[in-house]
Visitor: 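Mind having a look at this structure? Questions to follow.
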Amino acid sequence: MEFKNLIFQKEDGIAIITVNRPKALNALNSETVKELNQLVETIDSDPDTKIVIITGGGEKSFVAGADISEMQNMNTLEGRNWGKFAQSVFNKIENLPQPVIAAVNGYALGGGCELAMSCDIRIAAENAKFGQPEVLLGVIPGFAGTQRLPRLIGKGRAKELMFTGDQIDAQEAYRIGLVNKVVPASELMDAAKKMAEKIMSRGPIAVQLCKTAVNEGMDMDLDSGQAYEREAFGVCFATEDQTEGMKAFVEKRPAKFIGK
Ligand code: CAA
């Protein structure tokens, strides 16, 4: 698939999406978010894509936020619709059946931090910088940052980041739980692919059910979340992967999962 602002590659079941507007530090204009929407919808129903990695083009930036020049003259309705559309695209990313890894190779600010948070796992290069600087522009995070950031790092820290607009480096992002891992910039894509390969070697249906149980359960009370979990747990016992996984353990050999 050809896009103006995205590069899409597929290697051995791994789909790599690169947001590619390096001259604007990969800022998300509406054209880019529309392309992302189209690509994510395609990936959603592609049985050959087992895992997704999202990264940014160039050396300096993952995504430096929503495109400020495009937003500059928006009115109330346009602002709301822009937020609504991008939120819906990020929700589609969060709800993809495949695990999604953000390989954060530089600035992840505003909409860029929000994009990374819609991914399941974040791996950051040592030079990555995170922040929600919207208040410096007189707006608030509009692509679900006010919702996902406190869920990830807690209310107090999320409010500090949003109220001050400060940037934090990769180590600090790791310390507060915003990223899973920090690696040297030159090793970022290898680290993301290595993690992707490890996840792909596990029972794919089980991984998918873990993802939906966490995503659905986070918005439920504990009892409802546990009810959801035990139903999903039960479903695992209808799969060939469960038979193979447990048989392989007993036979002391690696399991060969087929995703059925
Ligand atoms: N929108 C549009 N253009 C952007 C951009 C953005 N978010 N971020 C960077 N650019 C452009 C710059 O305008 C510049 O373009 P020109 O060369 O044509 O002047 C180019 O990218 C390079 O940027 P800088 O010269 O500023 O690079 P720098 O290294 O000096 O600074 C930076 C890097 C600190 C990331 C700085 O560019 C910056 O502060 N960018 C804006 C970050 C921001 O505020 N993001 C939040 C946007 S609002 C949002 O995302 C709302 C939401 O929740 C959805």
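Each ligand, and each atom within it, is numbered from 1 in the order the structure gives.
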Visitor: Look at ligand 1 and say whether K60 reaches it with a heavy atom at a distance under 4.0 Å.
Guide: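 Contact present.
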Visitor: Below 4.0 angstrom from a heavy atom of G110, which ligand 1 atoms are there? Numbered from 1 as shown, please.
Guide: 46 (C), 50 (O)
Visitor: For K23, take its heavy atoms, then give the atoms of ligand 1 lying under 4.0 Å from any of them.
Guide: 20 (C), 21 (O)
Visitor: Can K256 and E244 be counted as an ion pair, charged N to O under 4.0 angstrom?
Guide: no
Visitor: Look at E172 together with R175 and state whether they make a salt bridge at an N to O cut-off of under 4.0 Å.
Guide: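 Judged by the 4.0 Å cut-off on N to carboxylate O distance, E172 and R175 do form a salt bridge.
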Visitor: Run down the list E70, E134, Q132 and name the one with the heavy atom closest to atom 52 (C) of ligand 1.
Guide: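 Considering heavy atoms of E70, E134, Q132, the nearest to atom 52 (C) of ligand 1 sits in E134.
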Visitor: Hey, are the side chains of D44 and K92 touching, using non-hydrogen atoms and a 4.5 Å cut-off?
Guide: no
Visitor: Taking NZ, NE, NH1 and NH2 as the nitrogens, is one of them in D120 or K211 under 4.0 Å from a carboxylate oxygen of the other?
Guide: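 Counted as a salt bridge, because a side-chain N and a carboxylate O are separated by less than 4.0 Å.
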Visitor: Going by the atom numbers of ligand 1, which of them fall below 4.0 Å from some non-hydrogen atom of L137?
Guide: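 Selected atoms, number and element: 44 (O), 47 (C), 48 (S).
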Visitor: Indicate yes or no: at least one non-hydrogen side-chain atom of P133 is less than 4.5 angstrom from one of Q167.
Guide: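 When only atoms from C-beta onward are counted, Q167 and P133 do not touch, as no gap falls below 4.5 Å.
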Visitor: Non-hydrogen atoms of G142 versus ligand 1: any pair closer than 4.0 Å?
Guide: yes
Visitor: Where the closest heavy atom to atom 42 (C) of ligand 1 is concerned, which of G65, A64, P141, G83 has it?
Guide: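 Looking at heavy atoms only, A64 sits closest to atom 42 (C) of ligand 1.
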Visitor: Near E114, which atoms of ligand 1 are under 4.0 Å from a heavy atom of that residue?
Guide: 52 (C), 53 (O), 54 (C)
Visitor: For atom OH of Y174, is the number of surrounding heavy atoms from other residues, nucleotides or ligands below 6.0 Å larger than 12?
Guide: no
Visitor: With a 6.0 Å cut-off (strictly less than), is the heavy-atom count around CG of D12, excluding the residue itself, greater than 12?
Guide: no
Visitor: Among the heavy atoms of M71, does any lie under 4.0 Å from an atom of ligand 1?
Guide: yes
